[in-house]
Amino acid sequence: ELKVEQNPLFLSMQEGKNYTIYCNYSTTSDRLYWYRQDPGKSLESLFVLLSNGAVKQEGRLMASLDTKARLSTLHITAAVHDLSATYFCAVVKEYGNKLVFGAGTILRVKS
Amino acid sequence: GAVVSQHPSRVICKSGTSVKIECRSLDFQATTMFWYRQFPKQSLMLMATSNEGSKATYEQGVEKDKFLINHASLTLSTLTVTSAHPEDSSFYICSAIRQLYGYTFGSGTRLTVV
């Protein structure tokens with residue numbers, strides 16, 4: 001059974017600081033996704049990572065994938081208040097199409 | 001793009017009644033759609049996989065007779081919560097896969113059973 005572990009579950013940080021969210025998964029995967037969710041809203045797609053060593057960046061967020069370690073990271077650079085949200089990683093089992101989500105990381109960026 | 005429209009966005013119903021939630025793919029055909037449930041401050045849990053023209057596949061622990069899924073066309077899947085109870089109150093989200101676009105999510109439905 002594919003399990004996805006995300007940590008930390010809650011992250012409170014000051015504006016301007018850097019931090020990393022980690023996502024571990026238990027079995028071989030085809031694809032890994034990062035999503036953002038604002039309160040009361042659905043999911044917004046941030047990144048899809050398809051291969052070992054993949055790195056993608058958008059603004060202050062950068063995601064990477066190490067398929068050998070079954071680990072993905074979401075790095076936040078110089079956080080701003082607008083990044084406050086819940087971030088989920090989600091993994092698709094190899095040869096499958098079901099997304100399995102991590103528990104989510106609630107990020108609060110304090111001014 | 002790949003747009004999935006979900007309705008209603010919010011519904012309040014009385015205990016014992018049924019509620020239907022619609023999920024439409026607006027600009028593509030979706031042979032497979034997914035239904036998730038999310039309780040407050042929790043993650044998304046897959047309830048079922050909806051397949052056009054065939055029976056839905058339910059995840060373990062999800063009552064198929066309570067959560068009826070119909071995927072009668074390539075652009076529409078519906079989830080009906082039958083005989084709703086307060087513990088069914090949750091945020092329900094649908095999703096569809098579109099090649100090259102990955103997974104697209106509906107805007108979600110906030111169900112409150114009173």
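Each chain gets a letter, A, B and so on, in the order the sequences are listed, and its residues count up from 1. Computed from a prediction, not measured in an experiment: that's the story for all the values here.
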Tell me, side chain or backbone of [X] under 4.5 Å from chain A's heavy atoms, or both, or neither?
| X | value |
| --- | --- |
| B:Ser9 | neither |
| B:Glu59 | side chain |
| B:Leu44 | both |

Could you tell me whether the side chain of [Y] reaches within less than 4.5 Å of the side chain of [X], counting heavy atoms only?
| X | Y | value |
| --- | --- | --- |
| A:Lys41 | B:Phe91 | no |
| A:Leu99 | B:Tyr103 | yes |
| B:Thr32 | A:Lys98 | no |

Should [X] and [Y] be counted in the same cluster of Ile, Leu, Val, Met, Phe, Trp and Tyr side chains packed under 4.5 Å apart?
| X | Y | result |
| --- | --- | --- |
| B:Leu76 | B:Ile97 | no |
| A:Tyr25 | A:Tyr22 | no |
| A:Val55 | A:Tyr35 | no |
| B:Ile21 | B:Met47 | yes |
| B:Val81 | B:Tyr58 | yes |

Please determine whether the number of non-hydrogen atoms from other residues, nucleotides or ligands lying under 6.0 Å from atom [atom1] of [X] exceeds 12.
| X | atom1 | result |
| --- | --- | --- |
| B:Arg10 | CZ | no |
| A:Glu58 | CD | no |
| A:Glu5 | CD | no |
| B:Lys64 | NZ | no |

(message) As an exercise, state the distance from CG of A:Leu43 to OG of B:Ser107, rounded to the nearest 0.5 Å.
(response) 11.0 Å
(request) With rounding to the nearest 0.5 Å, note down the distance linking OG in A:Ser42 to OH in B:Tyr92. (result) 15.0 Å
Would you mind checking which part of [X] comes under 4.5 Å of any heavy atom in chain B, side chain (CB onward), backbone (N, CA, C, O), both or neither?
| X | result |
| --- | --- |
| A:Gln37 | side chain |
| A:Val92 | side chain |
| A:Phe101 | both |

(message) Please find the pair of heavy atoms, one from A:Tyr33 and one from B:Gly102, that lie closest to each other, and give the distance.
(response) OH-CA, 4.2 Å
(request) Can you see which heavy atom on B:Ser43 is nearest to which on A:Gly102, and at what distance? (result) OG-O, 2.6 Å
(message) As an exercise: rank A:Thr86, A:Asn97, A:Val48 by heavy-atom pairs under 4.5 Å with chain B and give me the winner.
(response) A:Asn97
